[in-house]
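Take a look at the structure set out below.
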Amino acid sequence: MLRLCWLICLGLIALSAPARAQDRLNVVASFSILGDFVRNVGGDRVNVTTLVGPDSDAHVYVPAPADAKKVADAKLVFVNGLGFEGWLSRLLKSAGGKASVVTATSGIAPLKRGSDADPHAWQSVANARIYVVNIRDALVAAAPADADAFKSRASAYLADLDALEREVRAAIAAIPESRRKVISTHNAFGYFAAAYGVEFIAPLGVSTESEASARDIARIITQVRTARIPAVFLENITDPRLMGRIAAETGARVGGTLYSDSLTGEKGDSPTYIAMVRHNIKALTSALSP
Ligand SMILES: [Zn+2]
């Protein structure tokens, strides 16, 4: 009897012990938001390495030699696709091309931006669900022994995303319809706009690549007045005097930061996807409520 008990106990310990480091599946995620999704599904069964880390811009990323090694060591490489990682195919080639590439946006109907697809699909929480399902299926296929763990972690995270989606809808519903429009310099919220009915207006004729000029500011002021836009989010205007001028001359609120393409580090206010969406909702709500 005692011996049987021991066997059961040992069995339970073996079942509940976290996967040893060498048993974990090595995977790469191309940027921080995708890395967060993969960690949520993979848990301790997966080693996730993120190429474009927090607070960095995947659009203009230049892979380092160390990235080729990370890709070469990985069984799966998770990418956003939709033209987001223009630097990826060269990296895969220099890494030797053995890892399977998983496109996390598979099955998402892309929005068009001109003739190109808009890559920022994760800005709709409903799309984030599709990312998570694709990640789950790829992990299950790559490590079938851990299928149950991946499936149950994915279900728990999908339930969190459902709750998040309800939060977003409730927050937007509380903003009067006529006030649901902002000016934003980074054109990254097309999916958010389409899903939740907030209009994101790009400032006319203002370069989003460089610091705004005095002439840019004058244009923005005219546009905000004419279209009666209640709030502006201008990531690339770092001069507080210019921000102050826009606010003073238009009466619009100058919002804080909307995070679009990258998470913050652990100590920042958006270290996870869910924290990022909540942060953006709070920033929009406080800028747009009457
Ligand atoms: Zn972007």
Side-chain angles (χ1 to χ4, degrees), residues 28-38 50-63 67 77-91 103-106 108-128 130-132 134 168 181-196 198-212 216 220 231-238 255-265 268-281 283-284 287:
V28 161
S30 61
F31 72 117
S32 55
I33 293 167
L34 193 51
D36 181 48
F37 292 150
V38 177
T50 298
L51 297 178
V52 186
D55 300 313
S56 308
D57 184 353
H59 292 289
V60 295
Y61 186 67
V62 179
D67 291 337
V77 177
F78 290 97
V79 303
N80 184 76
L82 303 178
F84 189 54
E85 301 98 340
W87 38 270
L88 186 83
S89 58
R90 268 184 65 189
L91 175 63
T103 303
T105 53
S106 257
I108 289 173
L111 292 179
K112 288 283 172 200
R113 220 165 47 175
S115 57
D116 297 326
D118 178 348
H120 306 88
W122 61 86
Q123 286 294 349
S124 132
V125 180
N127 283 346
I130 300 177
Y131 282 70
V132 169
N134 286 330
V168 175
K181 52 186 172 184
V182 300
I183 278 195
S184 168
T185 45
H186 187 119
N187 192 6
F189 294 95
Y191 291 88
F192 186 97
Y196 307 116
V198 173
E199 197 180 346
F200 284 77
I201 302 154
L204 286 174
V206 176
S207 164
T208 56
E209 305 297 317
S210 53
E211 181 79 20
D216 289 339
I220 292 172
V232 285
F233 290 87
L234 301 165
E235 290 94 339
N236 62 334
I237 299 177
T238 47
T257 307
L258 293 177
Y259 293 106
S260 57
D261 292 18
S262 122
L263 302 175
T264 63
D269 50 14
S270 297
T272 65
Y273 173 77
I274 289 179
M276 176 189 87
V277 173
R278 286 204 175 118
H279 166 93
N280 287 349
I281 283 301
L284 283 170

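Just so you know, ligand 1 is whichever comes first in the structure, and atom 1 is the first atom listed for that ligand.
- Shortest non-hydrogen contact noted between Leu34 and Ala104 is CD1-CB, 3.7 Å.
- Protein atoms that are N, O or S and lie under 2.8 Å from the Zn ion (ligand 1) are these: His59 NE2, His120 NE2, His186 NE2, Asp261 OD2.
- For the side chain to side chain donor-acceptor pair (under 3.5 Å) test, residues two or more places apart in sequence or in another chain that qualify with Tyr131 are Asn80.
- Checked against side chain to side chain donor-acceptor pair (under 3.5 Å), Asp36 has the following partners two or more places apart in sequence or in another chain: Asn40.
- Qualifying side chain to side chain donor-acceptor pair (under 3.5 Å) partners for Gln123, counting only residues two or more places apart in sequence or in other chains: none.
- The shortest non-hydrogen separation linking Ser260 to Ala188 is CB-CB, 3.5 Å.
- To the nearest 0.5 Å, atoms CD1 (Ile201) and CD1 (Ile220) are separated by 12.0 Å.
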